[in-house]
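Accompanying notes for the structure given below.
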Amino acid sequence: MYKLVKSISGQTLNCVFRLSDNATIPFDPANTDYQAYLKWVAEGNTPTPADE
Amino acid sequence: MSYLNVNQIQTAGNLPSFTTGANTINFGTQSIGASSASTMKNRIINGAMVINQRGFNSTLASTGATYTLDRWIGYNRLASSAYSVSQNAGSVTPPPGYINYLGVTSVAATTINAGDIYYISQFIEGLNTADLAWGTANAKTVTISFWVYSSLTGSFGGSLQNSGSSRSYPFSYTINSANTWQQISVTIPGDTTGTWLTTNGVGVQLTFSLGTGSSFVGTGGAWTGANNIFMPSGSVQLLNTNGATWYITGVQLEVGTVATQFEYRQYGAELALCQRYYFRRNSSSSQDIIANMQAYSTTAVFGKLFDFPVQMRTTPTSSYSNIGHLSGWNSSGGSAQAFTTNTGITADTNGIYAISGLVTGSSFFTSGACAAVQFNTTSGWIDASAEL
């Protein structure tokens, strides 16, 4: 499961939290964790919205 | 092409300047080639299993790939545990010249079903294998060598694969005596077809099978275009046997048709090679100041945490032991308060540049003032992973 991230100033960041271990995954095509996230999304899943 | 065949070149005083051997050039008593001289010939990183930044010593308890000792992946098909990996498992004496090995221990008698795969692997970055020219008519032959020790004997299996696993070369190696270190070498002709990345993606994947189902075995000793072939059919299935052990060290992959001596690299150099893919900043005390940041508000700090010692392969995933293991000092310096919320630890290839830690309550920090950030426990860590 993943959760989108906003900065403390409210901007949406180009990264996502992996909730299983609180890792922050950058939206970088060469990052294998991001590749796994894209596969998860392609399977029809949706990340949890960022905290407001 | 022309050749100059000499055995020795002498000085003007008829003293030998250098001599040649079958695979060496010798300068006095020093050799290049069939020696432990560091020539960056070994494309495997952490082949002597010395670096273990994660302190990994555990069973692999979930489906998928888990990084264990630095650069070494363990792949587990089951959601339950089939095997454990630890540095120097079983505390046997390593082979001469080594102090560490990667140890696999089977923790169950696992049935290997047709679609199952279990393995230990290293993904070699394409930038470090580009000169092999695989996928072209100029593909170079490579030789893999390693020391292995197992409670089982027989013909074991492994493979080389490309990034898409659409090209595979299953290979066999034989362990003749149980519980005895044995050095293996396997020579593999370069693949003249297929797609082999020369980027910062996976160039070559070296895999040692621990158990492979019938869907993923093939004919040994030849390149195949069948997908995901991890070992020759009929190879030993280590994980069939509860308590079976398989230890490995001195892994080397080099250009050429002969296995030369393992390339010894100094610890700091090997660590730096590993840190291109993974870096962990461990806490050294219960008051380990990491950085001076800025209070973004009365409850949050923001700023650069630290640079990585080595530029990483790509933008890393970052994580930490526990957000409560980090504290911020307010500008008066009189007290530190543990963070309760992480609103983002982000990084680029050079460092972790933005941590937004929140503390509970209000008016702890002075907005705009400096706020030192520290580990408040010796068990704290922050890491960054750009593994392949």
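Keep in mind it's a predicted model, so treat the numbers as computed, not measured. In what follows, every chain begins at residue 1, and chains take the letters A, B, ... in the order their sequences are listed.
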Checklist line | For Ser385(B) against Asn31(A), the heavy-atom pair lying closest together | finding: O-ND2, 4.1 Å
Checklist line | Approximate separation, where rounding is to 0.5 Å, of Thr32(A) OG1 and Phe123(B) CZ | finding: 9.0 Å
Checklist line | Heavy-atom pair with the smallest gap, counting every atom of Thr317(B) and Ala23(A) | finding: CG2-CB, 3.6 Å
Next item on the list: Give a yes-or-no answer on whether the side chains of Thr314(B) and Asp28(A) include a donor-acceptor pair shorter than 3.5 Å.
Entry: yes
Notebook entry, point to check: Do you know which of Asn14(A), Ile25(A), Asp21(A), Asp51(A) has the most heavy-atom pairs with chain B at a distance under 4.5 angstrom?
Noted result: Ile25(A)
